[in-house]
Amino acid sequence: PVPDQLSPRTFCPPHPENNMSDPVEITPTQSETSPSKASKKDKKRGPEKTEEFLLARFKGDGIRYKAKIIGIDDVTDARGDQMCQDSMMKLKGIAIAARAQGQHKQRIWLTISLSGIKLIDEKTGVIEQEHTVNRISFIARDVTDNRAFGYVCGAEGQHQFFAIKTAQQAEPLVV
């Protein structure tokens, strides 16, 4: 056959004796013949997560996360991103200084439910702090650390910022 008439799967290598080309059939590899696997994005992971489904997780005792308390700081306002970020940096500085002296952050279980937030000591199981939803006025994530966030709670004129570092990313907690 003339090279123009060859099928797409035919290859003509040069012949060693006379430089003529004899067609050689090339068989497709297994990866070329097997159907392509669906990408992870194409696969569904169970039922679609509706707002009702997501809220149902926080009913009852809520969801428990492993975390550490970075610190607690008195703040002037009930809300504000910059105020929270400043307080977070201040508390992280104090935590670094304490770490240099051999002190560790307190390990806790952070429980988030529809009723509020509980900070429970990991070793003793004692509830260290319990804040109802109506007393929490602001939640902010740390822009420098995706595992840290904080929240402001308290009564008028007596607000405190609680800085928390979680074992996993804090983004789902803040949203």
Side-chain angles (χ1 to χ4, degrees), residues 36-175:
S36 64
K37 294 181 179 179
S39 69
K40 288 183 180 180
K41 290 181 182 177
D42 295 339
K43 291 182 181 179
K44 291 275 185 182
R45 294 184 185 174
E48 193 165 322
K49 295 182 178 177
T50 62
E51 192 172 319
E52 285 179 34
F53 172 78
L54 294 172
L55 285 175
R57 300 181 313 157
F58 295 100
K59 289 184 178 173
D61 291 336
I63 303 176
R64 189 170 82 161
Y65 298 93
K66 194 170 195 161
K68 295 178 182 179
I69 296 177
I70 297 171
I72 303 169
D73 189 23
D74 291 329
V75 291
T76 56
D77 296 323
R79 48 191 337 106
D81 273 323
Q82 190 59 49
M83 176 195 67
C84 290
Q85 193 61 39
D86 292 344
S87 186
M88 177 72 76
M89 292 301 113
K90 173 185 167 186
L91 291 170
K92 280 187 169 186
I94 293 169
I96 290 170
R99 181 71 180 120
Q101 295 176 354
Q103 297 174 355
H104 296 276
K105 295 181 197 95
Q106 181 182 1
R107 293 176 181 264
I108 59 165
W109 289 108
L110 171 72
T111 304
I112 300 177
S113 67
L114 292 177
S115 61
I117 296 176
K118 289 181 189 175
L119 307 178
I120 304 166
D121 186 272
E122 188 181 84
K123 291 180 183 174
T124 64
V126 174
I127 297 174
E128 297 287 326
Q129 302 282 338
E130 186 169 9
H131 303 112
T132 57
V133 171
N134 61 345
R135 295 200 54 188
I136 299 170
S137 57
F138 195 74
I139 298 175
R141 65 183 186 88
D142 184 358
V143 295
T144 63
D145 184 354
N146 63 2
R147 296 187 331 163
F149 80 101
Y151 62 94
V152 178
C153 72
E156 193 62 40
Q158 300 173 341
H159 301 287
Q160 289 186 309
F161 179 77
F162 290 80
I164 309 290
K165 181 154 186 158
T166 58
Q168 281 86 29
Q169 283 192 344
E171 187 77 27
L173 301 175
V174 177
V175 176

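As a basis for the values below, the full set of heavy atoms in this structure was taken, side chains included, without hydrogen atoms, waters or symmetry mates.
In the model, Q85 has a side-chain atom that pairs as donor or acceptor with a side-chain atom of D142 under 3.5 Å.
Distance check: I112 CD1 to I139 CD1 gives 7.0 Å after rounding to the nearest 0.5 Å. Taking CD1 from I108 and NZ from K68, the interatomic distance works out to 11.0 Å, rounded to the nearest 0.5 Å. How far CG of L110 is from NZ of K165: 14.5 Å, rounded to the nearest 0.5 Å. Here the straight-line distance linking atom CD1 of I120 with atom CD1 of I127 works out to 5.5 Å at 0.5 Å rounding.
Closest approach of I70 and M88 over heavy atoms only: CD1-SD, 3.9 Å. Between W109 and E122, the shortest heavy-atom contact is NE1-CG, 3.6 Å. The nearest pair of heavy atoms linking F138 to C84 is CD2-SG, 3.5 Å. When all heavy atoms are compared, the tightest approach of D121 to K123 is OD1-N, 2.9 Å. Taking both residues in full, the closest heavy atoms of L114 and V133 are given as O-CG2, 3.1 Å, listed atom of the first, atom of the second, then distance. When all heavy atoms of K105 and I69 are compared, the pair lying nearest together is CB-O, 3.5 Å.
Put simply, the side chain of T166 gets close to the backbone of R147: a donor and an acceptor are under 3.5 Å apart.
Residues satisfying the side-chain contact (heavy atoms from CB on, under 4.5 Å) criterion with A78, sequence neighbours excluded, are S137, H159. Under the ring-ring contact (aromatic ring centres under 6.0 Å, His included) criterion, F162 pairs with H131, Y151, sequence neighbours left out. Applying the side-chain contact (heavy atoms from CB on, under 4.5 Å) rule to T76 yields the partners M83; only residues at least two apart in sequence or on another chain are considered.
Under the side chain to side chain contact (heavy atoms under 4.5 Å, CB included) test applied with D73, the options V152, L91, I94 reduce to a single match, L91.
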side-chain contact (heavy atoms from CB on, under 4.5 Å) between K92 and T144, worked out: CA-CA 11 Å; K92 280 187 169 186; T144 63; 3.9 Å; yes
Audit row: K118, Q129, side-chain contact (heavy atoms from CB on, under 4.5 Å) steps and yes/no: CA-CA 6 Å; K118 289 181 189 175; Q129 302 282 338; over 6 Å; no
